[in-house]
K.L.:
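Structure in structure tokens, see below.
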Amino acid sequence: LKIINAGGAKADGHRHQDSDDEKPLAARLGINSAASKTGDASDSSSVESEPKDEPEHDGRKKWSTLVHNGVVFPPPYKPHGVKMLYNGQPVDLTPEQEEVATMFAVMKDTEYASKETFINNFFTDWRKILGKTHVITKFELCDFTPIYEWHLSEKEKKKQMTSEEKKASREEKSQQDEKFMWAFVDGVKEKVGNFRVEPPGLFRGRGEHPKMGRLKRRIRPSDITINIGEEAPVPVCPIPGESWKEVKHDNTVTWLACWNDPINEKDIKYVFLAASSSLKGQSDKEKYEKARKLKDYIRSIRANYTKDFRSKDQRKKQIAVATYLIDKLALRAGDEKDEDEADTVGCCTLKVENVTCLPPNKLQFDFLGKDSIRYYNTVEVELAVYEAIKEFCAGKKKGGHVFDKLDTTKLNAHLKDLMPGLTAKVFRTYDASITLDTILNKETTDGTVDEKAKVYQRANKEVAIICNHQRAVPKSHDSQMNKLNEKIDELTVELEKANKLLSKKAKKRKLVGSDGDAKRRRKLTPEMLQKKLSQVETRIVETDNHKNNKEDLKTVALGTSKINYLDPRITVAWCKTHEVPIDRDKHFTVLNKLF
DNA sequence: TGTCAGACTTGGAATAATATTA
DNA sequence: TAATATTATTCCAAGTCTGACA
């Protein structure tokens, strides 16, 4: 295994010398990809596989042969017959009406259930199904509690199943799914990602989404387009009497099936291969490679935008300042959004009220970004940037764009001139790589594997913070903290007791106790006590660390950066250098994705 | 040059599976 | 052995970016 790029992140003059750069990563690392194991021949025999590593990337061709079994539909609705109350009276509902009522009822203990937009949207769509003449006309008179309680008892029943029963139903399910879990891409068995069609439900938009609560209708075969190899057998439509909307043979795309999102008909939902597939792995590798390449260009890019901070050309000036912010703060590009979506922004769509100038040269950012997660940060910037932002905002009304001469297309077109393939999001990957590499190199010491893994986790955390990956405080956080505090208290008492005992022993040599522990205490030698003492001390320190770590990470979401931002090559190189096992170690299961 | 559909990556939450502790 | 904590997986929403077309 060769060390790739280790320690190189800080050196701007890094040169690429890897002669095998174009090989798949797994091949370069000499590890057999799980995905490259051929599946059962009976399924793939009809398809000739092409040699791998063939430079197929000339055109936009993604595959030569593609075989799969289509999608799995959710089971039809099974009515429970539990009657909800309207104005205190039980009401009869048709299965279709009951289905939607149940969707709402089971969301009782979520935030959505108390949001006005959610309730209004749900009620409007539900009334369409109830019909004009239905007795139910006012939401306030609806009582969904009986259905909610039925739902709770169903959940409880499921929980009470014996482990054998659970196992049996699990196995049955995986047997049913097996057929759909795999696809053959150029003869290679690959895992399919989301082969299940999304079930009907109430739309759970994030933030203040104007469509939250709308009924997401059931998807039928006639909604679905199948994409499959020309010679491959077309998957049988699993619902009798119905048929696919369309069957395509488009090898310039990687999706296996798609349908229009019922909430936003112009959006398309796709069935793709899983992240472990070589198609995904390949593009992942290209992403990290691009970020690494940016390292060679960053100096000139910075020089370029710095020069334009004072440009007379307003558009140039805005591009310069926007690029600076994306580089320095890892902001997202910020496409324009529709009226019927949550009101969020990125760099290009920042509004004047999202930035406050704090003299002499600080900027305070406060806006809702992707998923309506708040970005709140005060940063010192170059004076020229500060002055430019002040100028861009001057005279604009609330809601006006800071960068009015700019959009993501123009910005990316400019970035492409500076480096081939460069777009705004590459800066986020780049920032992540630099941060990971720097922290790993600076902070790793000759300690235990556990200590080294802590350094990795800290680097992971820093990347998450840079990318503003935040999560809601876990529901059980407070109770868990209380428990840890109690544990520390208990241990402290134990420690004090042992300490007292030790000093008494030292004085008297022999202790005559009066309580029930006396006999046991008498048997303790000072050496044993001393040992116990240090054990308790260690446990206190460990528990305290655990507690602080938990508190520290309560609003930090580590998952996304682990999966999408930490270059596995940096991780592998570090593991090798510091003798941290890659396999089996739970800290690095993320690597399964690529190896 | 702008708009829009399309295809793909990125994102947190919910849920399931597994490990740990009481 | 059950309750709880941790980790992995699934789910599906919400971004980014490209390319076709007017």
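In the text below, chain A, chain B and the rest are named by the order of the sequence lines, each starting its count at 1.
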K.L.:
Would you indicate, yes or no, if C:dA14 has its OP1 or OP2 atom less than 4.0 angstrom from a side-chain nitrogen or oxygen of A:His209?
P.N.:
yes

K.L.:
With nearest nucleotide decided by heavy atoms, which residue, A:Ala557 or A:Lys410, maps closer to the 5′ end of DNA chain B?
P.N.:
A:Lys410

K.L.:
Mark up nucleotides 15-22 of chain C, 5' to 3', with B wherever a protein heavy atom is under 4.0 angstrom from a base atom, S wherever such an atom reaches only the sugar-phosphate, and - elsewhere.
P.N.:
SBBS----

K.L.:
Is there a donor-acceptor contact under 3.5 Å linking the side chains of A:Lys290 and A:Thr429?
P.N.:
no

K.L.:
Measure CD/A:Glu208 against P/C:dA14 and give the value in whole Å, please.
P.N.:
12 Å

K.L.:
Pick base, sugar-phosphate or nothing for A:Lys159, based on heavy-atom distances below 4.0 Å to the nucleic acid.
P.N.:
nothing

K.L.:
Cation-pi between A:Lys108 and A:Tyr148: NZ/CZ under 6.0 Å from ring centre and within 45° of the ring axis?
P.N.:
yes

K.L.:
Would you tell me if any nitrogen or oxygen in the side chain of A:Ser476 comes within less than 4.0 Å of OP1 or OP2 on C:dT4?
P.N.:
no

K.L.:
Looking at A:Phe272, I'd like to know if the NZ or CZ of A:Lys280 sits under 6.0 Å from its six-membered ring centre while staying within 45 degrees of the ring's axis.
P.N.:
yes

K.L.:
Where does the angle between the aromatic ring planes of A:Trp244 and A:Phe73 fall among parallel (under 30°), tilted (30 to 60°) and perpendicular (over 60°)?
P.N.:
parallel

K.L.:
What pairs of residues pass the side-chain hydrogen bond (donor to acceptor under 3.5 Å, both in side chains) test when at least one of them lies in residues 484-495 of chain A, not counting sequence neighbours?
P.N.:
A:Asn485-A:Lys547

K.L.:
Within the 4.0 Å heavy-atom criterion, would you say A:Lys216 contacts the bases, only the backbone, or no part of the nucleic acid?
P.N.:
sugar-phosphate

K.L.:
So, OP1 or OP2 of B:dC8: does either fall under 4.0 Å of a side-chain N or O from A:Lys287?
P.N.:
no

K.L.:
May I ask you to establish whether A:Lys189 and A:Trp182 are in a cation-pi arrangement, using a distance under 6.0 Å from NZ or CZ to the six-membered ring centre and at most 45° from the ring axis?
P.N.:
yes

K.L.:
Reckon A:Lys211 touches a base, only the sugar-phosphate, or nothing at all at heavy-atom distances under 4.0 Å?
P.N.:
nothing

K.L.:
Nearest of C:dA13, B:dA13, B:dG11 to any side-chain atom of A:Arg428?
P.N.:
B:dG11

K.L.:
Is any side-chain nitrogen or oxygen of A:Arg204 closer than 4.0 Å to OP1 or OP2 of B:dA13?
P.N.:
no

K.L.:
Could you state the atom-to-atom distance from CE of A:Met107 to P of B:dA13 in whole Å?
P.N.:
14 Å

K.L.:
Main chain of A:Leu368, side chain of A:Ser372: is a donor-acceptor contact present, judged purely on distance under 3.5 Å?
P.N.:
no

K.L.:
Between A:Gln480 and C:dT6, does any side-chain N or O lie under 4.0 Å from OP1 or OP2?
P.N.:
yes

K.L.:
How is A:Ile373 classified with respect to the nucleic acid when contacts are heavy atoms under 4.0 Å: base, sugar-phosphate, or nothing?
P.N.:
sugar-phosphate

K.L.:
Using a 4.0 Å heavy-atom cut-off, does A:Pro199 contact any base of the nucleic acid, only the sugar-phosphate backbone, or nothing at all?
P.N.:
sugar-phosphate

K.L.:
Send over the distance from A:Leu411 CG to B:dT1 C1', rounded to a whole Å.
P.N.:
17 Å

K.L.:
Of all residues at least two apart in sequence or in a different chain, which pass the salt bridge (charged side-chain N to carboxylate O under 4.0 Å, His left out) check with A:Lys316?
P.N.:
none

K.L.:
Can you find a side chain N or O atom of A:Arg170 that sits less than 4.0 Å from OP1 or OP2 on B:dA16?
P.N.:
no

K.L.:
Does C:dA5 have its OP1 or OP2 closer than 4.0 Å to a side-chain nitrogen or oxygen of A:Lys483?
P.N.:
yes

K.L.:
Does A:Tyr565 reach a base, just sugar-phosphate, or nothing at all? Heavy atoms under 4.0 Å.
P.N.:
sugar-phosphate

K.L.:
Report the distance from atom CG of A:Asp478 to atom C1' of C:dA5, rounded to the nearest whole Å.
P.N.:
16 Å

K.L.:
Starting at atom CZ of A:Phe195, determine the distance to atom P of C:dT9, rounded to an integer number of angstrom.
P.N.:
14 Å

K.L.:
Starting at atom CD of A:Glu265, determine the distance to atom C1' of B:dA5, rounded to an integer number of angstrom.
P.N.:
14 Å

K.L.:
May I ask you to say what A:Lys173 touches in the nucleic acid, namely base, sugar-phosphate or nothing, with a heavy-atom cut-off under 4.0 Å?
P.N.:
nothing

K.L.:
Nearest to the side chain of A:Lys487, heavy atoms from C-beta on, is which of B:dT10, B:dA22, C:dA13?
P.N.:
B:dA22

K.L.:
Please figure out whether A:Lys475 or A:Cys258 has its closest DNA chain B nucleotide nearer the 5' end.
P.N.:
A:Cys258

K.L.:
For A:His477, answer base if it contacts any base atom (sugar-phosphate contacts may also be present), sugar-phosphate if it contacts only those atoms, and nothing otherwise; contact means non-hydrogen atoms under 4.0 Å.
P.N.:
nothing

K.L.:
Would you mind telling me which of B:dA13, B:dT10, C:dA13 lies closest to the side-chain atoms of A:Glu198?
P.N.:
C:dA13

K.L.:
Anything under 30° is parallel, anything over 60° is perpendicular, the rest tilted; go ahead and classify A:Phe180 against A:Phe195.
P.N.:
parallel

K.L.:
Can you tell me the distance, in whole Å, between the CG atom of A:Asn549 and the C1' atom of C:dA5?
P.N.:
14 Å

K.L.:
Using OP1 and OP2 only, check whether a side-chain N or O of A:Lys167 sits under 4.0 Å from B:dA17.
P.N.:
no

K.L.:
In whole Å, what is the span from the OH atom of A:Tyr112 to the C1' atom of B:dA13?
P.N.:
9 Å

